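The structure appears right after this line, and notes come after that.
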Amino acid sequence: MIMSRIEAPRDEATSNLTDRLLAGLPAEAVLVDPDVTASYANDMASFCPAGSPAAVVLPRTVEQVQHVMRVATELRVPVVPQGARTGLSGAANAVDGCIALSLTRMDRILEISPVDRVAVVEPGVVNAVFSRAVEEHGLYYPPDPSSWEMCTIGGNIGTASGGLCCVKYGVTAEYVLGLDVVLADGRLMSTGRRTAKGVAGYDLTRLFVGSEGSLGVVVRAVLALKPKPPQQLVLAAEFGSATAACDAVCRIMAGGHVPSLLELMDRTTVRAVNELTHMGLPETTEALLLAAFDTPDPAADLAAVGRLCEAAGATQVVPADDAAESELLLQARRSSLIALEKVKGTTMIDDVCVPRSRLGDMLEGVERIAGKHGLTIGVVAHAGDGNTHPTVCFDAQDPDECARARESFDEIMALGLELGGTITGEHGVGVLKKEWLAREIGPVGVEMQRAVKHVFDPLGILNPGKLF
């Protein structure tokens, strides 16, 4: 739904939109064929409405983005910034009559500085491409969403995405030092810094991270880098219950260990992965915990964690001997969401984060919800930071099953809030969770956030209908 303060563009303005855009853009950058523009209508989220773009624009320069925003402001046309559209909340979904502003062609790595340990990139740079580029300089960019081979840095910034390494290295927001942002009226603003320290003024950089394109269009980012760590080794621990696995997570974290990865897969997920990959994971397991260390002596760290897992009731602990075995174990985790999609054909992926101490309660609650609604719900989790991904599997052609899937999704979010958690740890709010955002932050919080939105986007043309 478009915010009420946006009036539908006048007929003459609509008919003039393409000409106005082409006045400052090359012809190949403006797409208006409905069959083509329809492919830019939505991201990968289920149950999220999407409209039909009036045009898709693929700029290559900052000046071209500024031109788009000036035209949009003058004609009162909504603009939906987009990256690779791998998001899972509908944050990149089009609204009727909008300009879908795809930033994928702004894909240059402008600078990598080993001395300053920063890089400067455009928003369309693919995460994996960037990560490999900095690795050649002996550096490391930690944020690694599961879609890292496809997702873009701009999209990662827009949704404040995370990944498998968050337990040790943190999420995207912790690596964004500064931004160049095109505002709704076409002005260019720079935020933040490229220095190791800096506290000048309000932290507007953090404000833009996770704003889902609702405050401005990120056209350049200064990103912090770390020295490349040693090759990590992985341990797999099998448990007879999810509760025991979660107890092991608590023991590991309370013991002061700092794993580079601590991931959990429940029995539904393990069986789905076996069905898809034939990897031979133990079918008897109720929960599989993967722990990794990239320390100077990872074998010693894995041995210590293995003992904690055994104390928590692990039935089997298998440490990898080398990088190849480690990668094989991680491949099971990376295959989990694809495997769950095969169960019923459609999935709805939740993103609830709870305190680590309540992780067991979260998994038990999800199991109850699955039984109540007669659904298959697999859970994978970034267990080290309490970020769970309950994945509801359903048949999109069955209306009753769709309804039950949506009900279970909402109940999982309610459970997360009851346990002191949050409705999203890394996927964002978008369209999917706007009602739940209001419940989490309360009426005063909503009022303040809307006030911030109005300062940056008084006409409400930037990604309308998202967040709140």
Side-chain angles (χ1 to χ4, degrees), residues 1-43 48-85 90-107 122-124 154 158 180-189 211-220 431 453-467:
M1 179 180 291
I2 301 176
M3 288 184 176
S4 59
R5 62 175 175 271
I6 301 177
E7 297 179 1
R10 304 184 307 275
D11 290 341
E12 60 270 23
T14 303
S15 64
N16 194 36
L17 175 61
T18 303
D19 290 339
R20 298 296 298 277
L21 290 172
L22 288 171
L25 294 161
E28 66 270 16
V30 182
L31 310 177
V32 293
D33 183 335
D35 291 335
V36 176
T37 59
S39 65
Y40 289 82
N42 55 274
D43 64 16
C48 293
S52 299
V56 174
V57 177
L58 298 104
R60 291 188 181 275
T61 69
V62 173
E63 293 75 19
Q64 289 175 359
V65 175
Q66 290 182 278
H67 172 71
V68 171
M69 294 314 305
R70 291 183 187 117
V71 170
T73 292
E74 185 176 346
L75 300 182
R76 305 300 194 263
V77 176
V79 176
V80 178
Q82 296 180 337
R85 290 178 289 109
N93 283 14
V95 295
D96 284 335
C98 76
I99 298 169
L101 183 59
S102 175
L103 299 158
T104 53
R105 292 184 181 175
M106 297 181 68
D107 59 357
E122 292 182 327
D180 284 356
V181 182
V182 175
L183 301 177
D185 58 8
R187 288 179 296 166
L188 180 64
M189 179 177 72
S211 66
E212 301 183 11
S214 65
L215 302 179
V217 182
V218 172
V219 291
R220 195 167 292 157
V431 177
K453 163 75 169 172
H454 183 73
V455 168
F456 284 92
D457 182 22
L459 298 176
I461 63 172
L462 274 169
N463 213 7
K466 312 299 165 53
L467 291 172

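Since the model is a prediction, treat every value here as computed from it, not as a measurement. Note that these values count all heavy atoms, side chains included, but never hydrogens, waters or copies made by symmetry.
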Minimum side-chain heavy-atom gap Asn93-Asp43 below 4.5 Å
yes
With heavy-atom distances below 4.5 Å as the criterion, would you say the side chains of Leu31 and Tyr40 are in contact?
yes
Does Val56 reach the side chain of Gln82, with side-chain heavy atoms less than 4.5 Å apart?
no
Under the salt bridge (Lys or Arg N to Asp or Glu O under 4.0 Å) test, which residues partner Asp107, sequence neighbours left out?
none
According to side chain to side chain contact (heavy atoms under 4.5 Å, CB included), who are the partners of Val71, at least two apart in sequence or on a separate chain?
Leu17, Arg20, Leu21, His67, Leu75
Which residues pass the salt bridge (Lys or Arg N to Asp or Glu O under 4.0 Å) test with Arg105, not counting sequence neighbours?
none
Go through the structure and list residues passing side chain to side chain donor-acceptor pair (under 3.5 Å) with Thr104, not counting sequence neighbours.
Ser102
Heavy-atom check, side chain of Val431 versus side chain of Pro49, under 4.5 Å
yes
Taking the side chain as every heavy atom from C-beta outward, state whether Leu462 and Val217 have any atom pair closer than 4.5 Å.
yes
With distance as the sole test, does Arg85 use its side chain to make a donor-acceptor pair with the main-chain N or O of Ser39 at under 3.5 Å?
yes
Qualifying residues under salt bridge (Lys or Arg N to Asp or Glu O under 4.0 Å), relative to Arg220, sequence neighbours excluded
Asp180
Measuring from atom CG of Asp185 to atom CD of Glu74, what distance do you get when rounded to the nearest 0.5 angstrom?
12.5 Å
When you measure from the side chain of Lys453 to the backbone of Ser214, do you find a donor-acceptor pair of N or O atoms at a distance under 3.5 Å?
yes
Answer whether the closest heavy-atom distance between the side chains of Asn463 and Pro81 falls below 4.5 Å.
yes
Val219 versus Leu188: any side-chain heavy-atom pair under 4.5 Å?
yes
Residues two or more places apart in sequence or in another chain: which of them pass side chain to side chain contact (heavy atoms under 4.5 Å, CB included) with Asp33?
Asp35, Val36
Rounding to 0.5 Å, atoms CZ (Arg60) and CD (Glu28) come to a distance of 7.0 Å
Residues forming a salt bridge (Lys or Arg N to Asp or Glu O under 4.0 Å) with Glu122, sequence neighbours excluded:
Arg108
Could you tell me which residues satisfy side chain to side chain contact (heavy atoms under 4.5 Å, CB included) with Pro59, sequence neighbours excluded, listed by chain and number?
Val57, Gln64, Val65, Leu101, Leu103, Met106
